[in-house]
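Below, read A as the first sequence line, B as the second, and so on, with proteins coming before strands; counting in each chain starts at 1. Quick caveat: nothing in here was measured; it's all calculated off a predicted structure.
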Amino acid sequence: MSFYITCAIDYPNSRPHVGTAYEKISADTIARYKRLAGEDVFFLMGLDEHSQNVEKRAHEEGLEPAAFCDRMEGVFREAWKSVNVEYDDFIRTTEERHHRAVVAMVERANASGDLYEGSYKGLYCVSCEAYYLERDLEDGLCPIHKKEPAWREEDNVFFRLSSYGDKLKALYEEHPEFVQPATRRNELLALIDEGLEDVSVSRASSGWGVPMPGHSGQAVYVWFDALTNYLSALGFPDDTDRYQRYWPADVHLVGKDITRFHAVIWPAMLMSAGLPLPATIFGHGWVLTAEGRMSKSMGNVMDPMVVAEQFGADSLRYFLLREVRFGRDMEFDYERLIGRINADLANDLGNLFQRTLTMAKKYRDGVLAAPGAGASVTGLPEKAREVVDTYREAMDRYDLQGGLVAAWELVSAANLAIDGHKPWELAREDDRTAELDSVLYELVEALRYLMVLVSPTMPEKARAMAGQLGWSLPSEEWMLDSLLESAPESVQVNPGDPLFPRLDPDDFLDPA
RNA sequence: GGCGGUGUAGCUCAGAGGCAGAGCAGGCGGCUCAUAUCCGCCGAGUCGGGGGUUCGAAUCCCUCCACCGCCA
C-alpha cells in the first residue's frame, strides 16, 4: 500500500519557528510510522514562493526574489534537518515542474466551465494579500497587520466555487474522515450550508508568479498556485509512475487556520479537474506561548534549531507530540518541556534502559539467550503485543499522543516487572538462574519493542537504543510485523551513556 | 448577532446516568539494578453558578456567567 502525506508549503519570507516545525515533525512522525507499518510512503514539503511578501522581503534584502528564495530554501532544509525531519521531496512553487501543473489545473477548470471573468473591488491589505470588508476592519486598519488597507479594483478570473456546495456536502457526509479533527469538520459543514461564494483566482501580476493562461497581466492567485503543489511534486500533469503510485494523497497535514482552503477550495478544484480526492485533510493546532500564537507578527517565535540544540531534537519532538492530543493547540513552555523530559524520558524510559542493561551486563556479561517456548515469567511479552495493538490503532487515527501513551504503558510495566522480580536477589540465589535468564531476556525484549515504537517520534534516540541493544537491522528495515514475528535467539547488549540525561531546570530557567 | 466548543484536584486533562479519576507537582514509606532514579501509599475537588427531570446527574433538559473557535 502506498501512503502520500504532505505538509503545508511555507512562505520563505522569514525563518521557520517552532510552530512551523511542529507541523513538519508531526508529518515526519506519521511518515515514519507508516514506513514501520510497511507502507510505501511519500512525504512532501516545500516552499510557497509566489507571495508579494516574499517579493517585498527579497527587495529589502537587496536580492531578486528568485535569489532570495534560493537562499531561504537552504535555511528551511537546514532547520528541518536539525529536528530530524526527513522528506522525500521538497517542492518550490517557482519550479518549472510546478508551473506546468498550475497551468494544467487552470486549463482543466476552464474546460469544465468553472472559470469566468469578473471584477473585484474593495479594501485590500497588501500584507494579507486579501480583501477586507469595512466591518471587519479595526479602526479602519487590517486586524492582523494593523495597517490601512488600500482601495483596489481589478478585473480577475473567478472560480465557480458556489456550484460545488452540494458535492462538497455529499463528500463530507460520505467520508466523515475527510476533515479531521471533527471540530473542524463541523465548522466547515456550517460554512458549506451557508452557501459558498465564488473565489477570485487571479491577481494583477507584478511579474512574480505563474502567468494566468489567456489573461496577460494577471498571475494565478494563491489557491490554484499553492494548493497545486501536492500534484506537481508527483509529476502531474504527466502520467508519471510517481503520480500513479501516490495520488490521491492520504493526508494533507495543515494548520487549523488553512484547513478551510484545503477542505473546500482544494476538493472543488480537483472535482473540476476530474481528479481523485485526498482521503483526509487534518487540521493541527497551534503552538502557543504565554503571549498567544507563535507567529512572526507576534514577535514571540522560537527557533527550532536553537531549542533542538539546547534540549535535543528528539526530546523536543517527544514533547510536542506527547503534550496534547494531536489537533489541539499546545502551549510551549520551558518548564513543561523540562518536566516532560525529566519525568517521561529520563526517569521512566531512559532509566529503564540503563537499569536493565546494567543488570544484563553485571549478571550475564551482556549475553542473553531466548528462553524456551512457554508462558513468560514477567508477562512483558504479552503486554508488549497488547501495547503494539493499541499503538497501531492510535497511530492509524493520527492520534500521535495516544501512540506514545500506549508505548509508555510498556515502560511502566517493565519498571514494575523489575521491582516485582528483583533480579538482584535472583542473582544471589544459585537455584534461580533460569528465572533470572528469563526475566532479563524478557526485559530486553521489551526494550527492543520500545525502541521500535518510539522510533517514529525519536528516530535518533531509537538508533542509540539499537546500538546499546546490539540490534543491527538498519532503520529502513524496521517494521512492526517483523518485530512481532522474530524474537532474537540471543542478544548481546552493551550499556552506554544515558539516553536522556536528567535536566536541571535552573540551568534553563531564569531565576527571576 | 448566528452556529459550535470549553469550564472537573495546585497544573495539564480523561470520564458522558450508578461509590469523583489519571499524569505531573507535593507528602510519607520501601527497594538498591538504575540517571536523587524505580515501586507502594496519601485527594475535605460546591465537577463554572442557579433551576429542573430521575430512585440516582460532571453526565440529560432549561437558564445564567466566563473563555475559545467558525461564520456574519
Side-chain angles (χ1 to χ4, degrees), chain A residues 132-137 143 179 181-197 255-261 263-264 283-286 288 290 292-293 312 315 319-320 322-333 335-364 366 378 394 399 401-402 404-409 411-428 436 439-440 443-444 447 461 464 468 493 495-506:
Chain A
Y132 275 94
L133 296 173
E134 199 90 50
R135 61 166 176 265
D136 294 326
L137 300 176
V179 184
T183 162
R184 298 275 94 77
R185 177 175 180 270
N186 292 340
E187 284 174 5
L188 294 177
L189 266 173
L191 187 79
I192 291 167
D193 282 340
E194 283 170 21
L196 299 170
E197 287 182 18
K256 62 180 185 178
D257 50 331
I258 58 171
T259 304
R260 178 183 159 183
F261 307 122
V264 176
H284 68 253
W286 288 339
L288 308 172
R293 179 188 179 190
S315 297
F319 171 70
L320 291 172
R322 174 56 239 266
E323 189 68 2
V324 297
R325 160 120 64 216
F326 192 50
R328 294 167 69 140
D329 292 349
M330 70 159 332
E331 192 165 332
F332 190 94
D333 176 276
E335 210 165 326
R336 287 178 178 283
L337 170 65
I338 293 166
R340 278 281 171 211
I341 290 173
N342 281 342
D344 298 359
L345 298 179
N347 295 352
D348 291 350
L349 177 62
N351 184 56
L352 170 66
F353 247 75
Q354 189 84 347
R355 65 196 300 217
T356 301
L357 297 192
T358 301
M359 287 189 285
K361 185 73 179 175
K362 191 178 281 188
Y363 304 140
R364 290 294 181 265
T378 59
D399 178 3
Q401 181 194 43
L404 289 169
V405 168
W408 255 252
E409 281 177 30
V411 173
S412 290
N415 270 323
L416 199 54
I418 293 176
D419 286 273
H421 291 273
K422 300 181 170 56
W424 52 93
E425 283 184 9
L426 298 178
R428 283 187 233 116
L436 179 58
V439 169
L440 291 177
L443 279 167
V444 168
L447 298 188
K461 293 298 182 182
Q468 296 194 17
V493 304
D497 293 333
L499 291 167
F500 302 97
R502 234 186 115 78
L503 303 178
D504 182 351
D506 292 340

Does [N] have a Watson-Crick or wobble mate here (both distances under 3.5 Å), and if so which one?
N: B:rC67; result: B:rG5
N: B:rG21; result: B:rC13
N: B:rC47; result: none
N: B:rU59; result: none
N: B:rU37; result: none

Span that lies between the [atom1] atom of [M] and that of [N], in whole angstrom:
N: B:rA16; M: B:rC61; atom1: C1'; result: 15 Å
N: B:rA20; M: B:rG45; atom1: P; result: 12 Å
N: B:rU8; M: B:rG49; atom1: P; result: 10 Å
N: B:rG50; M: B:rU46; atom1: C1'; result: 12 Å
N: B:rA22; M: B:rC55; atom1: C1'; result: 31 Å
N: B:rG15; M: B:rG5; atom1: P; result: 15 Å
N: B:rG30; M: B:rC67; atom1: C1'; result: 45 Å
N: B:rC19; M: B:rC38; atom1: P; result: 32 Å

**Asked** If we only count heavy atoms from C-beta on, is the A:I418 to A:P423 side-chain gap below 4.5 Å?
**Response**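 Yes; the side chains approach each other to less than 4.5 Å.
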
**Prompt:** Contact class for A:N342 vs. all strands (heavy atom < 4.0 Å): base, sugar-phosphate, or nothing?
**Reply:** nothing

**Prompt:** Base, sugar-phosphate alone, or nothing: which one does A:R328 contact when heavy atoms must sit under 4.0 Å apart?
**Reply:** sugar-phosphate

Output the rounded distance in Å from [atom1] ([X]) to [atom2] ([N]).
X: A:W286; N: B:rC70; atom1: CH2; atom2: C1'; value: 11 Å
X: A:D504; N: B:rA36; atom1: CG; atom2: C1'; value: 12 Å
X: A:D399; N: B:rA14; atom1: CG; atom2: C1'; value: 13 Å
X: A:Q401; N: B:rA14; atom1: CD; atom2: C1'; value: 10 Å
X: A:D193; N: B:rG2; atom1: CG; atom2: P; value: 18 Å
X: A:E323; N: B:rG23; atom1: CD; atom2: P; value: 16 Å
X: A:R340; N: B:rC11; atom1: CZ; atom2: C1'; value: 11 Å
X: A:E194; N: B:rA72; atom1: CD; atom2: P; value: 6 Å

**Request:** Would you mind calling B:rA58 syn or anti? Take O4'-C1'-N9-C4 for purines or O4'-C1'-N1-C2 for pyrimidines, and syn is within 90° of 0.
**Result:**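 Nucleotide B:rA58 adopts syn.
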
**Fill in**
Quick note, A:R260 side chain, CB onward, closest among B:rC71, B:rG69, B:rC24 is B:rC71

**Message:** The side chain of A:R184 is closest to which nucleotide in this list: B:rC11, B:rA14, B:rG69?
**Reply:**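 For the A:R184 side chain, the nearest candidate turns out to be B:rG69.
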
Write down the atom of [X], the atom of [Y], and the distance for their closest heavy-atom approach.
X: A:A464; Y: A:L499; result: CB-CD2, 3.9 Å
X: A:K361; Y: A:P495; result: CB-CG, 3.8 Å
X: A:V324; Y: A:D329; result: CG1-O, 3.7 Å
X: A:G283; Y: A:P181; result: O-CD, 3.2 Å
X: A:A263; Y: A:L188; result: CB-CD1, 3.5 Å

**Prompt:** Which is it for A:R364 and A:L436 under the side chain to side chain contact (heavy atoms under 4.5 Å, CB included) test, yes or no, and what are the steps along the way?
**Reply:** CA-CA 9 Å; A:R364 290 294 181 265; A:L436 179 58; 3.5 Å; yes

**Asked** Nucleotide by nucleotide, 5' to 3', does protein get under 4.0 Å of the base (B), only the sugar-phosphate (S), or neither (-) in nucleotides 26-35 of chain B, counting heavy atoms?
**Response** -----SSBBB

Listed pairs under 3.5 Å, donor-acceptor, residues 336-346 of chain A side chains, sequence neighbours left out:
residue	atom	partner	partner atom	Å
A:R336	NH1	A:E323	OE2	3.2
A:R340	NE	A:E323	OE1	2.8
A:R340	NH1	A:D344	OD2	2.9
A:N342	OD1	A:L503	N	2.7
A:N342	ND2	A:L503	O	2.8
A:D344	OD2	A:Y318	OH	2.6

**Request:** Could you pick out which residue, A:G339 or A:S412, lies toward the 5' side of RNA chain B when each is mapped onto its nearest nucleotide?
**Result:** A:G339

**Prompt:** Taking only residues at least two apart or on different chains, which pairs with a member in residues 417-426 of chain A satisfy salt bridge (charged side-chain N to carboxylate O under 4.0 Å, His left out)?
**Reply:**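 Counting only pairs at least two positions apart or across chains, the salt bridge (charged side-chain N to carboxylate O under 4.0 Å, His left out) contacts touching residues 417-426 of chain A are A:R355-A:D419.
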
